[in-house]
2 protein chains.
Amino acid sequence: MADDISWELYRTFLAVLREGSLSGAARRLGITQPTAGRHVALLEDAFGQPLFTRTQTGLKPTEAATALQGHAEAMESVAASLRRTGTGFREGEATGTVRVSASEVISMEVLPPALAALHQRHPGLRIEVDASNAVQDLTQREVDIAVRMAPPKQGVLVARHVGTVAVALFARDDYLARAGTPSSEDDLARHALIGYDRETPFIREARKAWPSWRRDAFTFRADSDLVQLALVRAGAGIGACQVALARRDPRLVRVLPAMVFPLETWVAMHGNLRTSRRHKVVFDALVACLQAHAGIQ
Amino acid sequence: MADDISWELYRTFLAVLREGSLSGAARRLGITQPTAGRHVALLEDAFGQPLFTRTQTGLKPTEAATALQGHAEAMESVAASLRRTGTGFREGEATGTVRVSASEVISMEVLPPALAALHQRHPGLRIEVDASNAVQDLTQREVDIAVRMAPPKQGVLVARHVGTVAVALFARDDYLARAGTPSSEDDLARHALIGYDRETPFIREARKAWPSWRRDAFTFRADSDLVQLALVRAGAGIGACQVALARRDPRLVRVLPAMVFPLETWVAMHGNLRTSRRHKVVFDALVACLQAHAGIQ
DNA sequence: CGTCGGCCATGCATAAATGTATAGCAGCTT
DNA sequence: AAGCTGCTATACATTTATGCATGGCCGACG
């Protein structure tokens with residue numbers, strides 16, 4: 001069994017896969033084209049099969065190579081995490097880069113003050129925010145710490161439940177003065193509603209609680225929660241909004257208080273990072289920040 | 001930014017961490033001690049900090065090195081998967097190794113016939129079974145295909161719901177003749193019950209359905225579901241058992257039919273492996289096998 | 001207390017991997 | 001149709017990484 005496949009080969013393999021040519025991969029990796037070609041040849045040798053069909057315009061991946069791509073990407077992702085963790089580590093101090101993932105709304109509306117304060121206390125800290133609604137997999141994407149709206153499943157994580165963020169319906173006062181205040185869920189049909197466009201798994205789940213919150217009932221549709229929030233703030237109609245955020249704007253009025261959707265909120269981190277000073281610092285800061293956020297009713 | 005850290009360095013780094021010495025790592029990797037030392041030195045150079053304190057008896061990892069260990073292990077795991085997938089790939093044929101994870105009970109009682117038949121059809125196939133009740137993370141552990149009792153969360157997976165496996169209470173006929181048949185859930189207190197020892201997250205969830213199924217009520221406690229099953233089959237008392245399994249033993253009698261716990265069962269696989277012939281073959285076989293299993297009422 | 005075994009560090013020879021240069025081929029553009 | 005560009009493959013030179021041998025150090029053991 002050829003156990004001596006250098007991990008380095010995987011890296012060039014992935015680059016060739018991505019660039020579609022030895023020359024391109026070589027450029028990206030800072031090596032030369034013959035070297036890239038030799039790496040691929042070595043890998044093909046080790047696996048006992050071709051990974052690419054050579055053409056004049058580049059290399060076309062075979063079925064086998066396609067099957068391996070995901071793995072290679074996973075390695076790359078982990079390698080990037082490793083490098084990020086290893087760089088800028090200083091005994092006892094919190095220095096270096098930490099990559100945080102959170103939903104768009106949380107990233108925009110909740111985290112910034114906390115992160116700013118954090119940096120004041122730890123000037124050596126570099127913080128990357130990955131704002132995305134897709135459920136990030138800590139092992140998959142390059143993220144050290146994630147704010148999640150679902151309890152973490154994976155055992156290797158250290159996770160802390162920071163409370164429940166309530167989502168409810170809001171509208172600006174002038175909209176309600178204009179269009180009236182709905183008194184029942186059925187009333188919503190006569191209003192300008194602000195909601196989602198494409199249905200995600202999360203929305204599908206949430207819809208069970210709000211049966212009337214259907215796509216075809218919406219006047220404004222947007223995939224971005226930020227856009228929805230902006231529409232609500234602009235008085236365009238009635239939309240869903242985290243209660244703690246709406247509280248900041250005195251003109252936003254809660255309608256149909258019975259309609260509440262609770263978001264169990266968690267902060268999760270790789271168990272490996274428990275011993276890393278800077279990750280612990282950011283983790284604790286996020287926990288404190290979100291506990292405060294979830295505490296607002 | 002030194003982006004040119006060879007992935008190969010990570011491999012020796014992990015080996016040094018594991019072996020606790022350059023010499024040991026070198027032996028394991030089939031390189032020499034000076035080379036291992038140089039690799040570590042390169043890595044320390046790239047990270048700008050020491051990873052080990054050199055002693056005469058070996059290398060002691062610093063705080064930084066400890067923080068990196070988990071990442072390095074993750075890389076190793078992925079590399080192993082990659083190698084396994086790449087080796088023995090043959091266009092159109094199902095050859096090579098596939099690693100399957102399932103619960104102990106499923107691994108022991110349900111899969112073997114299906115795997116045996118599968119191998120008959122595809123003699124080039126090598127199958128590894130990882131029997132463990134811990135929820136395996138497909139990206140974390142070295143597993144290609146997993147049989148899970150929970151809907152998969154991660155988007156990168158291809159998952160198939162194969163049905164609902166019902167778990168109910170059973171006892172052997174002679175036990176019931178001896179001790180009587182319980183007529184209500186409260187009656188259970190007077191019986192010899194077979195249950196879990198340590199409470200896992202899964203059991204905590206399941207307990208909500210069966211409030212009377214408490215640890216202190218059990219006569220026999222075992223963490224292993226296999227042992228519990230064996231005790232039920234031996235007529236030791238009343239225990240939980242998958243209905244489909246109990247059906248095989250004519251002496252096992254279902255008690256308190258109202259107490260049923262449904263296990264939603266899924267077969268999950270990396271999306272990357274969709275194009276791999278051998279993985280698809282095993283995936284389909286597992287789906288068929290478990291659909292048949294879940295179909296038994 | 002001396003010996004043995006295991007470990008790290010260093011200097012040096014060698015083998016291995018990489019880079020350079022070039023040839024050849026295909027597809028575009030003018 | 002000729003020239004340009006981008007690609008792979010090969011031959012050759014060179015750098016780089018590796019292995020080998022050795023020395024020094026510490027702890028275990030008889």
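As the structure is a computational prediction, the values presented were derived from the model and not from experiment. Naming convention: chains lettered A, B, ... in sequence-line order (proteins, then strands); numbering from 1 in each chain.
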Mind checking whether B:Phe47 and B:Tyr10 have parallel, tilted or perpendicular rings, split at 30° and 60°? parallel
B/S/- along nucleotides 23-30 of chain D (protein heavy atoms under 4.0 Å) is --SS----
Before giving the answer on salt bridge (charged side-chain N to carboxylate O under 4.0 Å, His left out), spell out for B:Arg54 and B:Glu44 the whole-Å C-alpha distance, their side-chain angles and the decisive distance to 0.1 Å. CA-CA 13 Å; B:Arg54 268 74 167 177; B:Glu44 289 176 323; 2.9 Å; yes
In whole angstroms, how far is the C1' atom of C:dA16 from the CD1 atom of B:Ile31? 15 Å
For A:Arg148 and A:Ala268 the tightest heavy-atom approach is CD-CB, 4.5 Å
Indicate yes or no for a side-chain donor-acceptor contact from A:Gln228 to the backbone of A:Phe220 under 3.5 Å, with no hydrogens or angles considered. no
Rounded to the Å, how far apart are B:Arg11 CZ and D:dA17 P? 17 Å
By the 4.0 Å heavy-atom rule, please label A:Ser23 as base, sugar-phosphate, or nothing. base
To the nearest Å, give me how far apart CG (B:Leu29) and P (D:dT18) are. 11 Å
Taking A:Thr62 for the side chain and A:Pro50 for the main chain, is one N or O donor matched with an acceptor at less than 3.5 Å? yes
Can you sort out the partners of A:Phe283 under ring-ring contact (aromatic ring centres under 6.0 Å, His included), two or more places apart, ordered by chain and number? none
Expressed in angstrom and rounded to an integer, what is the separation of B:Asp4 atom CG from C:dG19 atom C1'? 16 Å
Less than 4.0 angstrom between a side-chain N/O of B:Ser21 and OP1 or OP2 of C:dG6, yes or no? no
Please check if any side-chain donor atom of B:Ser21 sits under 3.5 Å from a side-chain acceptor atom of B:Ser23, or the reverse. no
Could you give the CG-to-P distance, from A:Leu51 to D:dT8, as a whole number of Å? 15 Å
Surrounding CE of B:Met108 (heavy atoms of other residues, nucleotides or ligands, distance under 6.0 Å), is the total greater than 12? no
Rounded to the Å, how far apart are B:Leu9 CG and D:dT18 C1'? 14 Å
Between D:dT18, D:dC7, C:dC7, which nucleotide has the shortest distance from any of its atoms to the side chain of B:His39? D:dT18
Is A:Thr55 near enough to D:dC7 that one of its side-chain N or O atoms lies under 4.0 angstrom from OP1 or OP2? no
Collect all protein-nucleotide pairs involving nucleotides 9-13 of chain C in which both atoms are nitrogen or oxygen and the distance is under 3.5 Å.
{"unit_1": "C:dA9", "atom_1": "N7", "unit_2": "B:Gln33", "atom_2": "NE2", "d": "3.0"}
{"unit_1": "C:dA9", "atom_1": "N6", "unit_2": "B:Gln33", "atom_2": "OE1", "d": "3.2"}

Is it the case that the side chain of A:Thr97 and the backbone of A:Arg84 share a donor-acceptor pair, with hydrogens and angles ignored and the cut-off at 3.5 Å? no
Do the side-chain N or O atoms of A:Thr32 get closer than 4.0 angstrom to the phosphate oxygens (OP1, OP2) of C:dG19? yes
